[in-house]
Amino acid sequence: VSLSGGWYLGLAAVLFSIGAIGLLVRRNVLIMFMCIELMLNAANLTFVTFARMLNDIGGQVLVFFVLVVAAAEVVVGLGIVVAIFRRRSTTVADDLNALKG
Amino acid sequence: MLHTSLLLASTRPAWPDILVFAASAAVILVGAVGVVTSRNPVHAALSLVMTLFGVAVLFIEQEADFLAAVQIIVYAGAIVVLFLFVIMFLGVDRRHAIEVEPLVGQRPLAFVMIGLTLAGVIIMLVSSHFVTGAHQVVGPIEGHITSSPTSPYGEPAQLGKQLFTTYLFAFEATAALLVIAVVGAVVLARRPPVPQDAEGTQDSELPS
């Protein structure tokens, strides 16, 4: 508990960056979703760190809500992936170019 | 009570804490890099579990025991299993060629821009102190809810108290959100209904 909060915040920033790079670079929709989860986890770690630094339970309550929203997001997103796969038989974002001019 | 954690943070940290932080940080970063670089989606999902466990350890290290348990149950127990289920269900657990670059020059650009953002955040982290003028706007992490010493105290009790008083409306809204998500997932994943009159002709046209 005695390590200063800056280390946790730095680790969360690095984790968020890795997730953002993955979201930009990868083309598989499932792995892009996993990178979004990485970024949400980095945000959760930041919330918990600030809750400890400021001794305020509000940060942890916010992490609870982020967890609920992440669960709902994954359910709907994977439902969309399954629906797209039924029509196009692909999970690669570059292959979904039906609107390309 | 108010400045206990801040005072603790300014003293010299004990070596078990440093060891726990270093080990969890290594687990988190290795798992995150594994998610980004693995070709097989199943391996990416397993690397994601590794990262989630590391984050849960850091939650415990920062007095958030209940959230660590929820992290393991919800993320590792439900969300990653859902990922694995969809990967297996669609049969896309084959390797993707990630060496080819779909957009020329996109990867260096992504690395440069994310690196600049990260550097900006780190500089802001080092140069500022993040102390606002409004400590304890909601409530302390630890502490007795009532004056009775036998009443429950600690982080889960405080979390539940705030969740069902201060954030009650938001909590009810998440209930509605979850119901909407379930209904949406069922509607999305359902096969399109076949019209009743066209069913007979379609069956005769199909080869099987």
Side-chain angles (χ1 to χ4, degrees), chain A residues 1-11 13-15 17-22 24-28 30-31 33-35 37-38 41 44-45 48-58 60-61 63-65 67-72 74-76 78-83 85 91-92 94, chain B residues 2 5 8-9 11 13-14 17-18 21 25 28 32-33 35-36 41 44-45 48 51 55 58-59 61-64 67 70 74 78-79 82-83 86-87 90 92 96 102 107 110-111 114 118 121-122 125 135-141 158-159 162-163 167 170 174 177-178 181 184-185 188-189:
Chain A
V1 188
S2 50
L3 209 62
S4 89
W7 289 96
Y8 293 92
L9 296 178
L11 176 66
V14 173
L15 181 59
S17 302
I18 293 174
I21 286 176
L24 289 173
V25 166
R26 294 305 297 265
R27 284 294 178 272
N28 190 333
L30 292 164
I31 292 182
F33 265 119
M34 291 181 203
C35 291
E37 298 304 315
L38 288 183
N41 265 281
N44 281 350
L45 190 55
V48 170
T49 304
F50 276 129
R52 177 176 68 103
M53 286 170 74
L54 302 175
N55 194 19
D56 187 345
I57 198 75
Q60 297 193 8
V61 177
V63 171
F64 187 82
F65 288 122
L67 278 169
V68 173
V69 172
V74 164
V75 166
V76 175
L78 290 179
I80 292 173
V81 169
V82 170
F85 192 83
T91 58
V92 180
D94 276 346
Chain B
L2 171 60
S5 56
L8 277 176
T11 56
D17 294 318
I18 298 174
F21 178 81
I28 286 172
V33 171
V35 171
V36 175
L48 184 62
T51 298
V55 172
L58 288 188
F59 280 2
E61 182 74 3
Q62 302 200 76
E63 307 169 13
L67 286 179
V70 170
V74 171
I79 290 182
L82 196 63
F83 269 117
V86 169
I87 291 168
L90 298 181
V92 292
H96 286 273
R107 287 183 186 175
F111 275 98
I114 299 294
L118 179 63
V121 169
I122 299 275
L125 191 66
H135 274 194
Q136 285 194 1
V137 281
V138 176
I141 290 179
Q158 282 292 102
L159 193 63
Q162 297 303 330
L163 201 58
Y167 296 98
T174 57
L177 176 74
L178 285 175
L188 277 172

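Scope of the values below: all heavy atoms of this structure, side chains included, with no hydrogens, waters or symmetry mates. Protein chains get the first letters and strands the later ones, always in sequence-line order, with residue 1 at the start of each.
In terms of heavy-atom pairs under 4.5 Å with chain B, the best-connected choice from A:Val74, A:Leu78, A:Leu30, A:Leu24 is A:Leu78. The candidate from B:Ala78, B:Ala44, B:Gly184, B:Ala185 with the greatest count of non-hydrogen atom pairs under 4.5 Å with chain A is B:Ala44. Highest contact tally toward chain B, considering only A:Ile31, A:Leu11, A:Ile80, is held by A:Leu11 [criterion: heavy-atom pairs under 4.5 Å]. Looking only at heavy-atom pairs under 4.5 Å with chain B, the residue among A:Thr49, A:Leu15, A:Val14 that has the most is A:Thr49. With respect to chain A, the highest number of heavy-atom pairs below 4.5 Å among B:Leu178, B:Ile114, B:Ile28 belongs to B:Ile114. Most heavy-atom pairs under 4.5 Å with chain A, from the set B:Val33, B:Val70, B:Leu163, B:Thr174: that is B:Leu163. Options B:Phe83, B:Tyr167, B:Phe59 differ in how many heavy-atom pairs under 4.5 Å they form with chain A, and the most are formed by B:Phe83.
Between atom CH2 of residue A:Trp7 and atom CD1 of residue B:Ile18 there is a gap of 8.5 Å, rounded to the nearest 0.5 Å. B:Gln62 CD to A:Arg52 CZ: the interatomic distance, rounded to the nearest 0.5 Å, is 4.5 Å. The structure places CD1 of B:Ile87 at 9.0 Å from OG1 of A:Thr91, a figure rounded to the nearest 0.5 Å. Here the straight-line distance linking atom CG of A:Asn55 with atom CD of B:Glu63 works out to 7.5 Å at 0.5 Å rounding.
Contact of A:Phe85 with chain B is made through the side chain alone, with heavy-atom distances under 4.5 Å. Of the two parts of B:Val35, the backbone and the side chain both hold a non-hydrogen atom closer than 4.5 Å to a non-hydrogen atom of chain A.
The two atoms that bring A:Val76 and B:Leu188 nearest to each other are O-CD1, 3.8 Å, heavy atoms only. Nearest heavy-atom pair across B:Ile122 and A:Gly10 is CD1-CA, 4.4 Å. Among all heavy-atom pairs drawn from B:Ala181 and A:Val75, the shortest one is O-CG1, 3.9 Å. Taking every heavy atom of both residues into account, B:Ala64 and A:Gln60 meet most closely at CB-NE2, 3.7 Å. Residue B:Val121 comes nearest to A:Ala13 through the heavy atom pair CG1-CB, 4.0 Å, listed as atom of the first residue, atom of the second, then distance.
Put simply, the side chain of B:Leu177 does not reach to within 4.5 Å of the side chain of A:Phe65, judged on heavy atoms. Within the 4.5 Å cutoff, the side chain of A:Asn41 has no heavy atoms near those of the B:Thr51 side chain. Two residues are said to be in side-chain contact when any heavy atoms from C-beta on lie closer than 4.5 Å; A:Val81 and B:Leu90 meet this criterion.
For A:Tyr8 and B:Phe21, the ring centers are positioned less than 6.0 Å apart.
Formation of a donor-acceptor pair under 3.5 Å by the A:Arg26 side chain with backbone atoms of B:Val36 is found in this model.
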Quick one: do A:Val48 and B:Val55 satisfy side chain to side chain contact (heavy atoms under 4.5 Å, CB included)? Show the steps, please.
CA-CA 10 Å; A:Val48 170; B:Val55 172; over 6 Å; no
